[in-house]
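The structure appears right after this line, and notes come after that.
As the structure lists them, so they are numbered: ligands from 1, and atoms in each ligand from 1.
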Amino acid sequence: MSVRVGVIGATGAVGQRLIQQLAPHDDFEIAALTASESSAGKPYSEAAKWRASGPIPDGVGDVTVVETDPSAVGDDVDLLFSSLPSSVGERVEPAFAEAGYVVSSNSSNGRLDDDVPLVIPEVNADHVDLIEVQRDERGWDGALLKNPNCSTITMVPPLAALDDAFGLESVTVSTLQAVSGAGYDGVTSMEIIDNVLPHIGGEETKMETETCKLLGGFDGAELSWHDVEVSASCNRVPTLDGHLENVWAETAEDAGPAEAEQAFRDMPSVDLPSAPEQLIHVHEDPNRPQPRLDRDAEGGQAISVGPVQETPDGILFDSLAHNTIRGAAGASVLNGELLLERGYL
Ligand code: NAP
């Protein structure tokens, strides 16, 4: 039997991607869609300015959007996927968890809280059991689980592979991030056409902190953060989807390019319905990965890296992920599948 799910913040860029991922899903059935007051009461097809490729999936356009409030979402919905602005998520996600819903969220609020699991299933699936601690501390019947920022998720799986094989000491990263990462109303065409924006507010700090939490350990009671030093510089470029990142990594044990590439190839995926078969695709062509050519690898769930180069202090490689799929909606759905597999629904 499929789990009845809702999408809170269903009309936005990530919400639309969530609907594309959830509508054909065998284990999940879309049963509720929420957005802001101005969308509530309208059919989804009217409330959402549908901009995702392809039509609105069958049966979704007629669903009436409701307010983002626990009293407006049915009791028979167990799992909510959240794609709300973080200022809204901060207010309503705990209220949903308190009301008994399990929330798999994209929003940045609470990602660094000690009792909130921040999870990439292929990297730190064991952190999901932090929910037990969260329920004890907060007295919730529901739960709140987060996926990381889209720029963090683009580099962390290859970094986890390096950490497992050689130990990771420091990381410097420079990003080239697609405009969809800012949401539909994020950057205007006048700002981004023929241009690069050399700063994305708050993004550098997210990459620097979330990476340490994701790569940290969990002993069943407490998280210990990894002590890797991360320095990030984030740039917005005029691509539509797909974040490309130049990553310099220093490892404890020497890792040559061939060994690092082998570690990437050997990084296992997980046995969840939306997981890619090969988590990290390693390209031999120095002109790859490219956003337009590689963002859709394995339905947008795989990470693509280019050939590894040696530097005076370590290694350098390019990493690419689809920011609204692997970096957002697809990441939340994978976390929803993990929650189901681990018996949290
Ligand atoms: P977006 O396009 O602006 O969509 C925001 C959604 O939230 C819409 O459904 C909107 O509904 C709803 N909303 C806004 N204010 C609300 C309120 N006061 N009460 C209830 N609902 C409200 O944003 P997005 O790009 O999809 O991003 C959503 C979240 O995911 C953000 O926290 C973002 O940081 C995070 N994220 C985004 C990406 C990405 O690549 N875009 C990646 C990772 C994480 P209306 O249509 O009714 O206004």
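Transitive grouping of hydrophobic side chains (ILVMFWY, heavy atoms separated by less than 4.5 Å) keeps Ile192 and Leu176 in distinct clusters. By the rule that hydrophobic residues join a cluster once side-chain heavy atoms approach within less than 4.5 Å of another member, Ile280 and Ile120 end up as members of one cluster.
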Is there any protein N/O under 3.5 Å from an N/O of ligand 1, and what does the full list of such pairs look like?
residue: ligand 1; atom: 2 (O); partner: Ala13; partner atom: N; Å: 3.0
residue: ligand 1; atom: 9 (O); partner: Gly9; partner atom: O; Å: 3.2
residue: ligand 1; atom: 9 (O); partner: Thr11; partner atom: N; Å: 3.1
residue: ligand 1; atom: 9 (O); partner: Thr11; partner atom: OG1; Å: 2.6
residue: ligand 1; atom: 9 (O); partner: Gly12; partner atom: N; Å: 3.2
residue: ligand 1; atom: 11 (O); partner: Thr11; partner atom: OG1; Å: 3.1
residue: ligand 1; atom: 21 (N); partner: Ser36; partner atom: N; Å: 3.3
residue: ligand 1; atom: 26 (O); partner: Ala13; partner atom: N; Å: 3.2
residue: ligand 1; atom: 26 (O); partner: Val14; partner atom: N; Å: 2.8
residue: ligand 1; atom: 32 (O); partner: Leu84; partner atom: O; Å: 2.7
residue: ligand 1; atom: 40 (O); partner: Asn323; partner atom: ND2; Å: 3.3
residue: ligand 1; atom: 41 (N); partner: Ser180; partner atom: O; Å: 3.0
residue: ligand 1; atom: 46 (O); partner: Thr11; partner atom: OG1; Å: 2.5
residue: ligand 1; atom: 47 (O); partner: Ser36; partner atom: N; Å: 3.1
residue: ligand 1; atom: 47 (O); partner: Ser36; partner atom: OG; Å: 2.6
residue: ligand 1; atom: 47 (O); partner: Ser39; partner atom: OG; Å: 2.5
residue: ligand 1; atom: 48 (O); partner: Ser36; partner atom: OG; Å: 3.4

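Of the listed residues (Glu90, Glu210, Glu93), just one forms a salt bridge (charged side-chain N to carboxylate O under 4.0 Å, His left out) with Arg111, and that residue is Glu210.
To the nearest 0.5 Å, atoms CG (Asp266) and CD (Glu259) are separated by 12.0 Å.
Judged purely by distance below 3.5 Å, without hydrogens or angles, the side chains of Asn323 and Thr154 never pair a donor atom with an acceptor atom.
Judged as a salt bridge (Lys or Arg N to Asp or Glu O under 4.0 Å), and not counting sequence neighbours, Glu245 has no contacts.
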